[in-house]
Amino acid sequence: MCRNIKTLFNFEPPATEDEIHASALQFVRKLSGFNKPSQANEEAFELAVAEVSEAARKLLTSLHTHAPTRDREIEAEKAKERSRLRFG
């Protein structure tokens, strides 16, 4: 699991294009093993990021839930607390 990929569904306000792109970039970096691809691989890398972004966007717009929307600030505080408990 990529720890830098954040949950984007069911937040108010909804995920931005930048957040979707950042998650797609992290996913492609993890799969490829490249932080920054070589010039020979740059086109394939960028295409993969664009395709994963589009798939993520489609997924996020098609999901439905009856759960109340989550608050970004509250979720960030919960993450900080989990990190504090885990790492001290």
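When a residue number appears, it is its place in the shown sequence, counting from 1.
- E43 CD: 12 or fewer foreign heavy atoms inside a 6.0 Å radius.
- The nearest pair of heavy atoms linking E19 to P14 is OE1-O, 4.3 Å.
- How far NE2 of H21 is from CZ of R57: 9.5 Å, rounded to the nearest 0.5 Å.
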Working note: V49 + R29, criterion side chain to side chain contact (heavy atoms under 4.5 Å, CB included); need CA distance, chi angles, decisive distance, verdict. CA-CA 9 Å; V49 172; R29 283 177 174 168; over 6 Å; no

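- Annotation: E12, atom CD; neighbour count of heavy atoms from other residues, nucleotides and ligands within 6.0 Å is above 12.
- Summarising the geometry, atom CZ belonging to F9 is positioned 8.5 Å from atom CG belonging to L59; distances are rounded to the nearest 0.5 Å.
- Expressed to the nearest 0.5 Å, how far CZ of R72 lies from CZ of F11 amounts to 6.0 Å.
- Rounding to the nearest 0.5 Å places OG of S53 at 11.5 Å from CZ of F27.
- For the pair N41 and F34, the minimum side-chain heavy-atom distance is below 4.5 Å.
- Hydrophobic cluster membership differs between I20 and L25, with clusters built from Ile, Leu, Val, Met, Phe, Trp and Tyr side chains linked at under 4.5 angstrom.
- Between S23 and L8 the shortest side-chain heavy-atom distance falls below 4.5 Å.
- Taking the charged nitrogens against the carboxylate oxygens, E75 and K78 do have a contact shorter than 4.0 Å, which makes a salt bridge.
- Distance check, rounded to the nearest 0.5 Å: CD of Q26 to CG of L31 gives 11.5 Å.
- Atom CG of D71 is separated from atom CD of E77 by 10.0 Å, given to the nearest 0.5 angstrom.
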